[in-house]
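Before any comments, here is the structure.
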Amino acid sequence: MPNAKVLSEKKAVVAALEEKLKSAASGVLVDYKGITVAEDTELREELRKNGVDYGVVKNTLVRFALDDAGLNELDEVLHGTTALAVSADDPIAPMRVINKYSKKFNGEKFIIKAGFMDGKVLPINDIMALADLPSKEVLLAQMMGTMLAPITKLAIVIKAIAENGGASAAAPAAEAAPAVEAAPAAEAPAEAAPAAVEETPAEAPAEEAPAAE
């Protein structure tokens with residue numbers, strides 16, 4: 001029977017694992033048997049660069065931690081050698097990096113056993129699908145690029161307008177329309193029509209009355 005000191009140390013390990021599991025955005029359990037020291041060092045370096053906490057765990061202790069964290073469904077994979085990779089920030093990072101090395105070693109000596117995200121156990125197919133996604137930084141860059149595309153186009157148009165002295169970059173300013181010529185006045189007839197005025201004939205002089213005899 002282990003003494004009190006050993007029990008205390010094991011409880012401390014379980015408590016630390018439980019806290020790590022509860023605060024993790026995601027995690028992966030791995031069978032790491034067969035990798036060399038150099039390969040393990042390379043793996044740990046890349047995991048560290050991606051903000052992933054990685055370490056070898058004892059099945060009996062991690063089982064208690066998984067149960068206390070509500071992930072007891074993972075108990076069935078706790079056999080053989082086991083390592084735990086978790087991330088508190090990037091939920092894709094553990095799966096992406098671990099899967100990369102699993103493929104590198106042809107899936108023979110570095111195998112994903114199981115994983116979880118947001119406190120839920122994931123089917124192995126979902127883990128593989130998530131592992132193929134870009135990193136969080138790349139996804140954010142792609143999203144920002146999509147959001148900024150209309151703004152970038154607008155900036156280009158505004159710049160072009162400024163460089164053209166206010167003329168629209170989309171289409172040149174319309175030239176001033178020529179003044180509309182006044183319609184020619186109706187031509188007067190060649191000869192004015194004579195006024196139809198009848199001359200009043202002069203009255204015949206009255207015959208003088210014969211003088212009185």
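For clarity, every value in this text was computed on a predicted model and none was experimentally measured.
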**Request:** Compare every heavy atom of Val28 with every heavy atom of Ile112, then report the nearest pair and how far apart it is.
**Result:** CG2-CG1, 3.6 Å
**Backbone N/O of Ile92 and side chain of Asp90: donor-acceptor pair under 3.5 Å** = yes
**Item:** Basic-acidic side-chain contact under 4.0 Å: Glu45, Arg48
**Value:** yes
**Asked** From Leu21 CG over to Leu66 CG, what is the distance, rounded to the nearest 0.5 angstrom?
**Response** 5.5 Å
**Message:** Angle between ring planes, Phe110 versus Phe105, binned at 30° and 60°: parallel, tilted or perpendicular?
**Reply:** perpendicular
**Request:** Take Glu42 and Lys104 through the test salt bridge (charged side-chain N to carboxylate O under 4.0 Å, His left out) and record every step on the way to the result.
**Result:** CA-CA 12 Å; Glu42 180 185 349; Lys104 182 177 179 179; 2.8 Å; yes
**Prompt:** Taking it one step at a time, do Ile111 and Val30 satisfy side chain to side chain contact (heavy atoms under 4.5 Å, CB included)?
**Reply:** CA-CA 6 Å; Ile111 304 169; Val30 189; 5.8 Å; no
**Prompt:** Can we say Asp132 and Lys103 salt-bridge, meaning some charged N sits less than 4.0 Å from an Asp/Glu carboxylate O?
**Reply:** yes
**Message:** With a 4.0 Å cut-off on N to O distance, would you call Arg63 and Asp67 a salt bridge?
**Reply:** no
**Request:** Starting at NZ of Lys100, measure out to CG of Leu47 and round the result to the nearest 0.5 Å.
**Result:** 10.0 Å
**Request:** Tell me, with the steps shown, if Met117 and Met95 meet side chain to side chain contact (heavy atoms under 4.5 Å, CB included).
**Result:** CA-CA 10 Å; Met117 179 182 287; Met95 303 173 195; 3.9 Å; yes
**Asked** CG/Leu84 to NZ/Lys113 distance, rounded to the nearest 0.5 angstrom?
**Response** 11.0 Å
**Prompt:** Would a distance-only check, ignoring hydrogens and angles, find a side-chain to backbone donor-acceptor pair under 3.5 Å from Asn50 to Pro94?
**Reply:** no
**Prompt:** Going only through I, L, V, M, F, W and Y residues with side-chain contacts under 4.5 Å, is there a path from Ile35 to Val97?
**Reply:** yes
**Fill in**
In this structure, CG of Leu43 is separated from OH of Tyr54 (nearest 0.5 Å) by 5.0 Å
**Request:** Please check if Leu61 and Leu7 belong to a single hydrophobic cluster, counting links between Ile, Leu, Val, Met, Phe, Trp and Tyr side chain heavy atoms closer than 4.5 Å.
**Result:** no
**Request:** Ignoring hydrogens and angles, tell me if any N or O in the side chain of Ser23 forms a donor-acceptor pair with the backbone of Glu19 under 3.5 Å.
**Result:** yes
**Prompt:** If you measure from CD1 on Ile98 to CD1 on Ile127, what distance do you get to the nearest 0.5 Å?
**Reply:** 11.0 Å
**Request:** Look at the side-chain heavy atoms of Ile, Leu, Val, Met, Phe, Trp and Tyr, link any pair under 4.5 Å apart, and say whether Phe64 and Val57 land in one connected group.
**Result:** yes
Would you give me the side-chain donor-acceptor pairs under 3.5 Å for residues 70-78, sequence neighbours excluded?
none

**Prompt:** Rounded to the nearest 0.5 Å, how far does NZ of Lys109 lie from OG1 of Thr81?
**Reply:** 12.5 Å
**Request:** Verify whether one side chain among Glu46 and Tyr101 offers a donor that lies under 3.5 Å from an acceptor in the other.
**Result:** yes
**Asked** If you look at every heavy atom in Ala93 and Val52, which pair is closest and at what distance?
**Response** CB-CG2, 3.7 Å
